[in-house]
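Here's the structure, in structure tokens; my notes come after.
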Amino acid sequence: MDNVDKDVDLVVLGAGPAGVNAAITANRHGLKVVLVDQNHAAGGQVFRPMPETFTPSGGSAAPGEGDELRQRLARSQVRVYFNHTVWNVSTDLRVDAVGPDGPVHWRCRALVVASGTTERVVPFPGWTLPNVMGLAAATILLKSQKMLPGADTLVAGCGPLLTAVAAGIVDGGGRVAALVDAAPRSAWLKASPAMVSRPDLMWQGVKWLAQIKTAGIPIFSAHAIEKVEAVDGRLRATLAPVDSDRRIGGGERHAVHADAVVVGNGLVPGTDVTRLLRAEHTFNRKLGGWVAVTDEYCRTSVPGLYAAGDGCGISGAAAAIHHGELAGLAVAHDVGSLDEHSFEREAAAVQRRLSKARRFGQAMGALMALPSRQVETIAPDTVVCRCEDVTRAEIDAAVAGGARDMNQLKAWTRCGMGPCQGRSCGDVAAELAALKAGCGRSEVGFFTGRAPLRPVSLEQLTGDYDYADIPLPKAAPL
Amino acid sequence: MRITKGVTRGEPVSFTFNGVRYSGYAGESVAAALFASGMAHLRDSPRNHQPRGMFCLMGSCQECLVWVNGRKVPACQQPLVESLQVSSISTEAP
């Protein structure tokens, strides 16, 4: 394949707040920038728009932060590739993607990874049932698809998404069967000093809580779902109290009936690409897990590779905007389009805004961090790896049998080997492996990044290329 | 289970799932349209043959993989257009 577009200075992966700002900033300093995203529009998960065919109605829908982001992008000279799935990236900074019109390839001088996060769900028996889905999935349904997860929904897990989703369901005309928060009320009070730094968001949270109270939704603090069963076409969840490490303990159980369960236990930084390129990573529980090691200007240990946004540690959308901008400045400087003096001046201003935004974002992130012993009480027969149906008991047995790191565990059990490439199970599986081995997360490591990053069919890569199209060299004379 | 407040949807369109005709709205994701049609169970897990449905809705988990006009795609990443032929990946490739 020699149809590689080399007329590119920078490729940015991910069109969320970090990626868009990295792209715009680098472009402003004269760089030729390509921005790639799997979705049909910019915004990432946090500012995900409705489908293009939907229009807001009834009242003046003020343009939100996502609209502002999309407008700024449209005014720039950044070349955007939406609906494109990146399936491989190599260390010579070549990016392979596939889109509606077939395969696309770029060779660039710098690459910014702004791939955001995936949601962590701590498994329980029944979490694989249809009508059980992630909290982040519920926000996409509510905000983008304008759909309720159910007529009667159980909302469970931890962090700020809980109240956002419950309020969104009520606002959309649905019922919330119960709100189950793993954190005790005191955890929210501890985070309140940081919340004061963002009165707008604190006010939003207060409004959601008021909506939940008005709707009379039962709230179970310091509780978690012990199991979910399908009963007569509906779901029956058993709720149990949890301790300060969010481990399920003894005490009274509550049964809640619902037709949908939405559950999330925080966010895990997306490191597919930085792992694939063998960048150095470090484990940071408060930031959500493994993150690529970066210097103060978003540079990873791999030359030309930068990382920005929540993929570098859960810090929230406001911080991602500034972090992306910082990455864009760093790239512009490093390829020689921004002089040292201007770079230092501009970067310093961005870093001040970044550290202010991070105070709030990382306090929220810490509420969603996985306590190191939470996985202890996952029942042995619970499926952990959804793709390959690998249970906790199988993970424990492999570690007891000598599997010492995540790659051995993968080879022995197929955990993390399925089409999601371990994005859904990797964090919890590693936590279980470390627990069983009696060591830290750093020792068990992570699944080595592998291509394809997303499943891609051979037909998508070859397009209409046929047998008859194979160029046959003229036979050598005998 | 569609929210009607504050939104005007695209054109109504029809599609099939495993040969049965359903309707949805243009631009809606196939996953959401199936879900709204009561089709939460999309496939069975390959090893234990347990029922599965959409889970992450952001193209990461691959749980909602279906055939769409002969191609395997996550239903959450595929916008609905008129006359899509969708089928479960547990069935043969159409």
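A note on names: the letters A, B, ... follow the listed sequences, proteins ahead of strands, and every chain is numbered from 1. Note: hydrogens, waters and symmetry copies are ignored here, and every other heavy atom, side chains too, is used. Just so you know, these numbers come straight off a predicted model, no measurement behind them.
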State whether the side chain of [X] and the backbone N or O of [Y] hold a donor-acceptor pair below 3.5 Å, judged by distance alone.
X: B:Arg71; Y: A:Ser457; result: no
X: A:Arg454; Y: B:Gly59; result: yes
X: A:Thr53; Y: B:Ala26; result: yes
X: B:Lys5; Y: A:Asp171; result: yes

Interchain contact, B:Glu63 with chain A, by part (heavy-atom threshold 4.5 Å) | side chain
[X] versus [Y], closest heavy-atom pair with distance:
X: A:Met133; Y: B:Leu57; answer: SD-CD1, 4.4 Å
X: B:Ser60; Y: A:Thr118; answer: OG-CG2, 3.5 Å
X: B:Ser29; Y: A:Gln145; answer: N-OE1, 3.0 Å
X: A:Phe54; Y: B:Gly10; answer: CD1-N, 3.9 Å
X: A:Asn131; Y: B:Phe35; answer: OD1-CE1, 3.2 Å
X: A:Cys387; Y: B:Cys61; answer: SG-O, 4.3 Å

Can you name the residues that form a side chain to side chain donor-acceptor pair (under 3.5 Å) with A:Gln211, not counting sequence neighbours?
-> none
List the steps and the verdict of side chain to side chain contact (heavy atoms under 4.5 Å, CB included) for B:Met1 and A:Leu141.
-> CA-CA 10 Å; B:Met1 284 182 290; A:Leu141 264 189; over 6 Å; no
Taking side chain as everything from C-beta outward and backbone as N, CA, C, O, which of these in [X] sits under 4.5 Å from a heavy atom of chain B? Side chain, backbone, both or neither.
X: A:Asp272; answer: neither
X: A:Val121; answer: side chain
X: A:Leu135; answer: neither
X: A:Glu119; answer: neither

Do you know which of B:Pro46, B:Ala36, B:Ala32 has the most heavy-atom pairs with chain A at a distance under 4.5 angstrom?
-> B:Ala32
Do B:Arg47 and A:Glu388 touch side chain to side chain, with heavy atoms closer than 4.5 Å?
-> no
Within-4.5 Å side-chain heavy-atom neighbours: A:Thr128 and B:Arg52 | yes
If you count heavy-atom pairs under 4.5 Å between each of [options] and chain B, which one has the most?
options: A:Arg414, A:Glu52, A:Glu394; answer: A:Glu394
options: A:Gly174, A:Pro455, A:Gly173; answer: A:Pro455
options: A:Cys420, A:Ala136, A:Gly418; answer: A:Cys420
options: A:Val383, A:Val262, A:Ile140; answer: A:Ile140
options: A:Arg386, A:His40, A:Arg423, A:Gln38; answer: A:Arg386

Taking side chain to side chain contact (heavy atoms under 4.5 Å, CB included) as the test, write out the residues that go with B:His41, two or more places apart.
-> A:Pro130, B:Asp44, B:Pro51
Contact listing (chain B partner; residues 41-50 of chain A; heavy atom under 4.5 Å) | A:Gln45, A:Arg48, A:Met50
Just wondering, more than 12 heavy atoms not from A:Glu229 lying within 6.0 Å of its CD?
-> yes
Determine which residues belonging to residues 74-82 of chain B lie within contact range of chain A, meaning some heavy atom pair is under 4.5 Å apart, and list them by number or answer 'none'.
-> B:Gln77
Could you tell me the separation between the CD atom of A:Gln421 and the CD atom of B:Gln62, rounded to the nearest 0.5 Å?
-> 9.5 Å
